[in-house]
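See below for the structure under consideration.
Just so we're on the same page: letters track the sequence lines, and every chain starts at 1. Side-chain atoms are counted along with the backbone in the values below, which use heavy atoms only and exclude waters and symmetry mates. Keep in mind it's a predicted model, so treat the numbers as computed, not measured.
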4 protein chains.
Amino acid sequence: MKHKKLSRREREKLRQRQEMLAAALELFSEKGYHNVSMHEIAEKAEFAVGTLYKFFRNKEDLYKSLIAEQADRFHEALTRAIEEADDEIEKLRNYVKAKREVFAANISVIRLYFAETGGASFSVKAGLDKEIRERYEQFLRTLASVFESGIKRKRFRKIAEPYQLAVALDSLCNAFLLLWLEAPDDRPFPEDPDVILNILFKGLVDT
Amino acid sequence: MKHKKLSRREREKLRQRQEMLAAALELFSEKGYHNVSMHEIAEKAEFAVGTLYKFFRNKEDLYKSLIAEQADRFHEALTRAIEEADDEIEKLRNYVKAKREVFAANISVIRLYFAETGGASFSVKAGLDKEIRERYEQFLRTLASVFESGIKRKRFRKIAEPYQLAVALDSLCNAFLLLWLEAPDDRPFPEDPDVILNILFKGLVDT
Amino acid sequence: MKHKKLSRREREKLRQRQEMLAAALELFSEKGYHNVSMHEIAEKAEFAVGTLYKFFRNKEDLYKSLIAEQADRFHEALTRAIEEADDEIEKLRNYVKAKREVFAANISVIRLYFAETGGASFSVKAGLDKEIRERYEQFLRTLASVFESGIKRKRFRKIAEPYQLAVALDSLCNAFLLLWLEAPDDRPFPEDPDVILNILFKGLVDT
Amino acid sequence: MKHKKLSRREREKLRQRQEMLAAALELFSEKGYHNVSMHEIAEKAEFAVGTLYKFFRNKEDLYKSLIAEQADRFHEALTRAIEEADDEIEKLRNYVKAKREVFAANISVIRLYFAETGGASFSVKAGLDKEIRERYEQFLRTLASVFESGIKRKRFRKIAEPYQLAVALDSLCNAFLLLWLEAPDDRPFPEDPDVILNILFKGLVDT
DNA sequence: GATGAATGAGTTTTCATTCAT
DNA sequence: GATGAATGAAAACTCATTCAT
């Protein structure tokens, strides 16, 4: 939050950087990291390759920056969604809704993001994603705190540790949303966020 | 199941193929498809590149064969685990146990497998994974049938469609197991499969 | 003929291109298309392979460009030779002289050119030479028109169709010149172009 | 002419050799020397590659043998055609007829042959064709002797040296026949061998 | 003697990166 | 400070040749 006083120079720089990242994003999510060349990105962004290298140390750095930026956007949106409600249940409902919207509006990035944070963490050079994973962890802890508070306030039964519940909800969302993204026609995504939440909320067996 | 009488020649062939796949697996899961060269694989497998190409039409074919073979192994093991029990709950418990074992014994493949079936479907040539996805779908339907039968027999409350429950359980397992695999020390994986199942079984809120 | 105002850049480009083609020509005519590698050409031309590919899409394109360029040069020179004289006989004499000069000054290209337009049309990818053949045809028609006009003006007896006479003269020239080029010491090429022309002009038998 | 007493063993060998050459011929003339692999030849000939190498030192040797064999066949046929007639003019007529037949029946080989003896002598390794060229020379001298005798016997006017006349006739035949072979529909080859001979026999200008 | 599996040098082509202008 | 021409390492893949069976 320190982007206060940027000289015209700096603002211009930032804008150029954004244009480069935008071009890269489009190409990467369309063709995958290894099938996109720096020249392609430069051309799409309407800069010279040399200029690209003024902004990013190398291709990997560009990719990393891109993913990090997007991840931040997503986590910010999701964190906001959680913070916007007071009630724990409403927070979770907001979160599922926000996640659905994020997925729908960013299908291609999401794929890229999953290639990175999902199992395919090796897809580019190993270790590339340390920073990303940390932010993801951080977000999971935010989500966990909702469960924690809910449990403390007796609104939730403690069927598992808060962090585990956060992992559970997040993975359920990802699974259902990816399912939907892959075949939006066959399995229309339920408008109702409760389809996902109910799996957590209601028990499969009587207790 | 027609691998009855293999000539010495054929057995030798098969062994070589396995060695090649093993070398490829190790390298792919360590560095990712695009960061491994055919020469590297050949060297690790202690064959000449030319020999590699006698067994696999090209790099993609080698990769596909590798993934398909492993995926089959996994799905077979999981299907067996489900079939071995009679009771629906026991079936699910068996499934979680088997999945934990499969993950633990095949960390590196699992990563590769996720790169394939997970979001990064574009990572190699699009469509490469059609077959794999179909087998996955098929397995999910098998898992769904357990929920269906459980619901019919009133052992489970119908908190969601059987297929959705299958997706849910599978994704919960994946999430928890990957979490564990990534940092086995910090978050030791619970011996008890019920940690995962409880999230499905017990409701978060009273109903 | 629009090569008027070439920027320094463009002139430089053209010079580089010529150097590449010159290196390629030397190697191709010495060892044949298939026995020359792009690396060899690049090295001889003192460029990096990558630079070669900036100028020519691929090896075939480089080869094609080379042949086309040379063929054009030759046909232009020969057409000019024909046009420079008024009298039909003088035109033919000029043509033979010009052809002798062209052959003498371009032995190596000539070999390459023959591999292309001669029988070995399959030597590179089939159809590669369509354009070249067409230009050759066109030139033959120009030569034929000399015979046609000569016959019309009763300077020549019509011992065959004009086009056939053109083919005949051309093949006689090629045969004699190649003979000479292959063993210039044994069979010194006659200074007098009439040695070839006489075979056409004079009859072997009285008529 | 020393193939008198061949043991069964030797005859068998010879037959195998012929089969290999036949397979190679078909492939070479269809696709060109460099686009045919030894495996392809072996497969077509229904032998193992190793066996191919028992008969020919290497690919080049196989090719050379093939061309030499075919060249011999052709030159023998043409020499026979010349010897069969008594009269010089009839000898030449016979020669043209025979050459036409040889071309028509062996289009593909002819192409291969021309790639070798024509300008493209470099097409395989340089110098490959020394032997072939000598046989060609020898044949030209045979043809020259016809002109020589014709001149001596006053049947022909001496419009050029006999050897030159041989070169001339041969090149005329080649040119017209190749023309025909390339587009047999457009330019049907004249049944009458005199179309070619007349160019030599009759003078273009009155003398 | 025949076989064909195994070899690995060699080929074309791409592309991340540098640096003179 | 931006440019994009030039670079050359590295990749996928082929195929002539050998040699153990």
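Geometrically, C:Lys59 engages C:Tyr33 in a cation-pi contact defined by less than 6.0 Å to the ring centre and at most 45° from the axis.
Note: OH (C:Tyr33) to P (E:dT11) measures 13 Å, nearest angstrom. Here F:dA5 presents its C1' atom at 14 Å from CG of C:Leu52, a figure rounded to the nearest Å. As a whole-Å value, the separation of C:Arg17 CZ from F:dA6 C1' is 18 Å. Separating the CZ atom of C:Arg57 from the P atom of E:dT12 is a distance of 16 Å, rounded to the nearest angstrom. For A:Glu40 and E:dT14, the CD to C1' distance is 12 Å, given to the nearest whole Å. If you measure from atom CG of D:Asp61 to atom P of F:dA16, you get 14 Å, rounded to the nearest angstrom. The CD-C1' distance, from A:Glu46 to F:dA2, rounds to 15 Å in whole Å. As a whole-Å value, the separation of B:Glu12 CD from E:dA6 C1' is 12 Å.
Here E:dT13 is the nucleotide among E:dT11, E:dT13, F:dA6 with the atom lying nearest to any side-chain atom of C:Asn58. The side chain of C:His39 lies closest to E:dT12, out of E:dT12, E:dT14, E:dA5. Out of E:dG8, F:dA5, F:dA9, the shortest distance to the side chain of B:Val49 is found at E:dG8.
When the nearest nucleotides of DNA chain F are assigned to B:Lys59 and C:Thr51 by heavy-atom distance, the more 5′-ward of the two goes with C:Thr51. Sequence order on DNA chain E of the closest nucleotides to B:Phe47 and C:Met38 puts B:Phe47 first from the 5' end. Along DNA chain F, the nucleotide nearest B:Gly50 and the nucleotide nearest B:Tyr53 are compared for position; the residue whose nucleotide lies closer to the 5' end is B:Tyr53.
The pairing partner recorded for E:dG4 is F:dC19, the criterion being a Watson-Crick or G-U wobble arrangement whose two distances lie under 3.5 angstrom.
For F:dA2, the OP1/OP2 oxygens have a side-chain nitrogen or oxygen of A:Lys13 closer than 4.0 Å.
Nearest heavy-atom pair, B:Asn58 versus B:Met38, reported as atom, atom and distance to 0.1 Å: C-CE, 4.2 Å. Shown here for C:Phe28 and C:Leu66, the closest heavy-atom pair between the two residues is CD1-CD2, 3.6 Å.
Within 4.0 Å (heavy atoms only), C:Gln16 reaches sugar-phosphate atoms of the nucleic acid but no base atom.
Atom CG of D:Asn106 and atom CZ of D:Arg73 lie 4.5 Å apart (nearest 0.5 Å).
Ring geometry for D:Phe47 against D:Phe55 counts as tilted: the plane angle lies between 30° and 60°, on a 0 to 90° scale.
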